[in-house]
Amino acid sequence: VVYMGAGIATLVMALFVSAMYRCSFLRGILIFAGHIVFAAFLAYVIVYGADKVFPPNQVSDFWQQWVYVPTGLVESPLPKY
């Protein structure tokens, strides 16, 4: 049931993508598959590659500066004016 649902969801999403890009259904499937591959590659690089590219404290500083503070999850260490 899960595989059948995933297949139907993939077809519906490919139909949506083909409507958004104004192309054929087959090209919509290919574009959607490209998006999935790119998202998987990006997730892999973010999860497993960040520690190899940046030192661990620099990764923590990046998340602090660009994710936690702008979303309001933590207070900014900078003084408020």
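Computed over heavy atoms, backbone and side chain alike; hydrogens, waters and symmetry mates excluded.
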**Item:** Shared hydrophobic cluster, Leu73 / Trp63 (ILVMFWY, side-chain heavy atoms < 4.5 Å)
**Value:** yes

**Request:** Name all residues meeting the side-chain contact (heavy atoms from CB on, under 4.5 Å) criterion together with Ile31; count only those two or more places apart in sequence or in a different chain, and write none if there are none.
**Result:** Val17, Tyr21, Cys23, Arg27, His35

**Prompt:** Closest approach of Val74 and Gln64, non-hydrogen atoms and distance?
**Reply:** CG2-NE2, 3.3 Å

**Linked, directly or transitively: Phe16 and Val12 (ILVMFWY side chains, under 4.5 Å)** = no

**Message:** Using the rule that Ile, Leu, Val, Met, Phe, Trp and Tyr join whenever any side-chain heavy atoms are under 4.5 Å apart, tell me whether Ile36 and Met13 fall into a single cluster.
**Reply:** yes

**Prompt:** In chain order, what residues pass the side-chain contact (heavy atoms from CB on, under 4.5 Å) check against Leu15, with sequence neighbours excluded?
**Reply:** Ser18, Phe25

**Fill in**
For Leu26, the side-chain contact (heavy atoms from CB on, under 4.5 Å) test, sequence neighbours excluded, returns Ser24

